[in-house]
Amino acid sequence: MIPELEPEEFVSFLADLWSERGWDVSVKERADETRFVIGKRGDGKRGVIYVFPTTTATVTERHLKQFVRFCRKRSIDVAVVATQGAFAEGAQRVAAQRSVHLLDRSKLADTVEEGDLAAVLQRYTETSRLEAVTGRLRDLGVPVSTDALPDGISGIVPTVASLVAAAVAWVSAKISGDVGVTYTGNDDDADESGGRSLASRSVPLAALPIVLVVALVIGAMVGPAVGLGAVSPFGAGSDGGVEVSSVSTAGANATLDVYWNARTTDSLTVNGTTYDAPEGQTFVLVRMNVTNGADSPTQFDQTALSIEVSGERYGHQPLDGATGFPSAGLFEPGENREVWTVFSVPADTESATLLYEGDGGVRFERSTSLTPEATMADTSG
């Protein structure tokens, strides 16, 4: 599974993949924010990738039928539809009937591996990490620049070094009082001029997030660059954890808003009962805060949730005598409830994607403020 990319980066990534395979490519933006990556080859073949670049996109049967007609009229030899979102069942059926290739992030990961195209993907994943960290540093007031983002792995380490240097300089300024200091005395410490004593070299609280950001920079960016391993967002201790992402079936007009967080564990204890993962597997526990924004009861069914690993989908793992969902998964209008579910996936899983295949539009958003835990209290009401 390739990581989520910004929509424009996803389009450029697909164009670069075709360029690496000998296509002359151009990109055409469409009114509905989809894209056409148009390719021509020296042997006269013509191809088009119909791109739905967002993670909230759902490619429907209607989209596929329109694309098939477009390709037939223009004598397109290679027809591809790619998305960071999901393909509806009808779209998959039409694609199989009309020889249209479908690419989601899982299939793209296979394409990258089979075509020895990891360097192409790395250009986008590393740059995305760098831009994200740079934005975070700016939010915290650190003066940094992205004038010279790296083109590949060779540029990552020196660029990270410059970000670390900027952060360290900013923290030093905080400590020395150039930006601010922390008052550590009390009213009795006031001197004759009415001033108050200040702790020498005290690190202000505002500087502490920078230390954490710098640590994440080194772990998440320098690590992969020099073979130290990446920081997993849901690490389960020294043995690592499954990196979990999600695919929404709706955007701003979603019926259900689902904030979620996840962790990996080999066993769960619920109300004093311990459940061990099956042999050769591990648990992925997902806790969700669900809000029904509709004006009628809506079902958010545990059985419609699945987690995809390397193209294989796994339903929730039943636990004898324990459940984290209300009866039938029914949510009243305006109801907000925290629920949880657990999946069993192969023990060597590195990444997985949370999916919902039930009725109604669902918008997933990860929230690190949620603690992934299993409790029986979620089933009340």
Side-chain angles (χ1 to χ4, degrees), residues 1 3-4 54-58 84-86 105 232-236 241-265 267-271 275 277 282-294 296-309 313-319 321-345 349 351-381:
M1 181 76 66
E4 293 180 9
T54 66
T55 57
T56 58
T58 298
Q84 292 196 96
R105 290 190 296 126
S232 171
F234 307 113
V242 178
E243 183 177 337
V244 184
S245 59
S246 61
V247 173
S248 299
T249 60
N253 61 342
T255 302
L256 294 165
D257 281 305
V258 180
Y259 291 88
W260 63 274
N261 204 357
R263 68 180 173 93
T264 307
T265 181
S267 65
L268 285 174
T269 299
V270 187
N271 281 18
Y275 302 87
T282 189
F283 285 145
V284 175
L285 172 65
V286 182
R287 191 173 184 91
M288 293 164 280
N289 184 304
V290 183
T291 301
N292 177 18
S296 60
T298 301
Q299 191 172 40
F300 183 61
D301 191 356
Q302 182 175 215
T303 61
L305 285 163
S306 63
I307 198 163
E308 185 173 275
V309 177
R313 294 187 181 183
Y314 299 84
H316 81 283
Q317 171 67 58
L319 303 178
T323 180
F325 262 69
S327 177
L330 194 64
F331 288 76
E332 296 299 323
E335 181 180 1
N336 172 265
R337 182 195 294 267
E338 285 196 10
V339 298
W340 59 268
T341 189
V342 64
F343 304 92
S344 293
V345 300
T349 297
S351 62
T353 303
L354 180 65
L355 304 170
Y356 185 71
E357 300 174 275
D359 296 331
V362 175
R363 177 172 58 190
F364 285 114
E365 185 170 338
R366 181 168 61 88
S367 174
T368 55
S369 64
L370 279 175
T371 301
E373 59 182 0
T375 59
M376 292 297 289
D378 298 317
T379 62
S380 62

Apply the side-chain hydrogen bond (donor to acceptor under 3.5 Å, both in side chains) test between Arg363 and each candidate in Asp257, Thr56, Thr255; give the one that qualifies.
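Testing Arg363 for a side-chain hydrogen bond (donor to acceptor under 3.5 Å, both in side chains) against Asp257, Thr56, Thr255 leaves exactly one candidate, Asp257.
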With Ser245 as reference, evaluate Arg105, Arg366, Gln84, Glu308 under the side-chain hydrogen bond (donor to acceptor under 3.5 Å, both in side chains) test and give the passing residue.
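In the set Arg105, Arg366, Gln84, Glu308, the residue that makes a side-chain hydrogen bond (donor to acceptor under 3.5 Å, both in side chains) with Ser245 is Arg105.
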Heavy-atom check, side chain of [X] versus side chain of [Y], under 4.5 Å:
X	Y	answer
Val309	Phe343	no
Leu305	Phe325	yes
Asn261	Arg287	no

Give a yes or no on whether the backbone of [Y] and the side-chain of [X] come within a donor-acceptor separation of less than 3.5 Å.
X	Y	result
Thr298	Ser296	yes
Asn292	Glu332	yes
Trp340	Thr375	yes
Thr265	Ser267	yes
Tyr356	Asp301	yes

To check you understand the geometry: which heavy-atom pair defines the closest contact between [X] and [Y], and what is its length?
X	Y	answer
Tyr275	Ala322	OH-CB, 3.6 Å
Pro297	Leu330	CB-CD1, 4.2 Å
Val286	Ala262	CG2-CB, 4.1 Å
Ser248	Thr58	O-OG1, 4.2 Å

Would you give the length of the straight line joining atom [atom1] of [X] to atom [atom2] of [Y], rounded to the nearest 0.5 angstrom?
X	Y	atom1	atom2	result
Leu285	Gln317	CG	CD	12.5 Å
Glu338	Glu373	CD	CD	8.0 Å
Tyr314	Thr349	OH	OG1	6.5 Å
Leu370	Tyr259	CG	OH	10.0 Å
Leu256	Gln299	CG	CD	10.5 Å

Evaluate the side chain to side chain donor-acceptor pair (under 3.5 Å) criterion for residues Asn336 and Thr291: first the C-alpha distance (whole Å), next the side-chain angles of each, then the deciding distance (0.1 Å), finally the verdict.
CA-CA 4 Å; Asn336 172 265; Thr291 301; 2.7 Å; yes
With sequence neighbours excluded, tell me which residues meet side chain to side chain donor-acceptor pair (under 3.5 Å) with Ser306.
Glu357
Of the options Val242, Val345, Leu268, which is the one that meets Phe283 in a side chain to side chain contact (heavy atoms under 4.5 Å, CB included)?
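That would be Leu268.
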Please lay out, stage by stage, how Glu4 and Thr55 fare under the test side chain to side chain donor-acceptor pair (under 3.5 Å).
CA-CA 7 Å; Glu4 293 180 9; Thr55 57; 4.6 Å; no
